Amino acid sequence: AIQETLFPVNDFKSGSLEISGYYEPASECGGDWWHYFESAGKIYVLIGDATGHGVPAALITSAIRAATSLVETEPNMPPERMMEKLNWAVCACAKNQIQMTLFLGVFDCEKKSLTYVSASHEPGLLARENKAGGKLQFENLFGNKNPRLGEAPDTTYVATTVPFNPGDHLFLYTDGLRDILNPEKRPWGDRGMYGALERSLNSGGAAKASLGTLVGEAMAYRNQYPLKDDVTFVICKFQ
């Protein structure tokens, strides 16, 4: 119950940007975490995965949430500097016993751009509207490779900026989504996840509707089989 307070309301809309997210721990509490906030005309979205799951990993998510609440109060802080502060918080709390991957994205809808920093997290997936019509076109946001949070307190991070135009989507997730097992113990894998994502985004509609479609496909494949790892994913849509 306490950990649930660390997460935002599942659905968010500000101007032309929509964000919708899903979280389910593999045990009573977990090491996945996601968040968003708005500051100085920009919208920030974060998703992270602490090593392992259960109480120790959940404690790190509480530390990262507290640190984020502090950096939110400093408008126009560069995302790479924000990541450095979050890294310092994890180092101070975990003493190198637990580390965390994290993706931090900053949307500037006026400039039609997305600036992001990844601390060795799963690459974000950008789905662009096909100018000629038809299906969305996907690209992985590999960007600059940065160390995980908690490895060293003096780590510096490098940001990457890409265009983000009306009709584009950003999909963020933790590796537990790919690792969902069905009753035959076969993982959903990249093929299952990407196929379901493509169908959900190409169906059109709001981010919440696309997320609901994706949740439905994931849960149908799982068919109530216990989760191997925490599952978290987020869809951001620029209307």
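Just so it is clear, the structure is predicted and the values come from calculations on it, not from any experiment.
Two residues are said to be in side-chain contact when any heavy atoms from C-beta on lie closer than 4.5 Å; Y157 and L104 fail this criterion. The side-chain heavy atoms of L102 and V90, taken from C-beta on, include no pair separated by under 4.5 Å.
Under the 4.5 Å side-chain contact rule for hydrophobic residues, V234 and L211 do not share a cluster.
Note on R65 versus E72: salt bridge recorded, some NZ/NE/NH1/NH2 to OD/OE distance being below 4.0 Å. Between R128 and E139 there is a salt bridge, since at least one side-chain N of the basic residue sits less than 4.0 Å from a carboxylate O of the acidic one. With respect to E122 and R178, a salt bridge is recorded, a charged nitrogen being found less than 4.0 Å from a carboxylate O.
Legend: residues meeting side-chain contact (heavy atoms from CB on, under 4.5 Å) with T161, ordered by chain and number and at least two apart, are S113, T115. Take E110 and apply the side-chain contact (heavy atoms from CB on, under 4.5 Å) test, not counting sequence neighbours, and it matches D108.
With F107 as the fixed residue, the ring pair (Phe, Tyr, Trp, His ring centres under 6.0 Å) test singles out one of Y36, Y116, F164: F164. Of the candidates D49, T174, T68, I47, W33 forms a side chain to side chain contact (heavy atoms under 4.5 Å, CB included) with just one, namely T68.
Taking the six-membered ring where the residue is Trp, Y44 and F37 present parallel rings, their angle staying beneath 30° rather than reaching 60°. Aromatic ring orientation, F7 versus Y23: parallel (interplanar angle below 30°, classes split at 30° and 60°).
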(request) Output, in order, the C-alpha distance, side-chain angles, deciding distance and verdict of side-chain contact (heavy atoms from CB on, under 4.5 Å) for L149 and I64. (result) CA-CA 10 Å; L149 305 184; I64 203 76; 3.8 Å; yes
(message) Run the side-chain contact (heavy atoms from CB on, under 4.5 Å) test on Y22 and L214 for me, step by step, so that the C-alpha distance in whole Å, both residues' side-chain angles and the decisive distance to 0.1 Å come before the verdict.
(response) CA-CA 10 Å; Y22 177 86; L214 183 57; over 6 Å; no
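A donor-acceptor pair is defined here as one N or O able to donate and one able to accept, closer than 3.5 Å; such a pair exists between the side chain of S210 and the backbone of S200. Under the 3.5 Å distance criterion, the side-chain polar atoms of K185 are left unmatched by any main-chain donor or acceptor of N182. A side-chain donor-acceptor contact under 3.5 Å links H121 to the backbone of Y173.
Side-chain contact check for T232 and D32: at least one donor-acceptor pair (N or O, by modelled atom type) lies under 3.5 Å.
Note: M83 CE to N146 CG = 7.0 Å, rounded to the nearest 0.5 Å.
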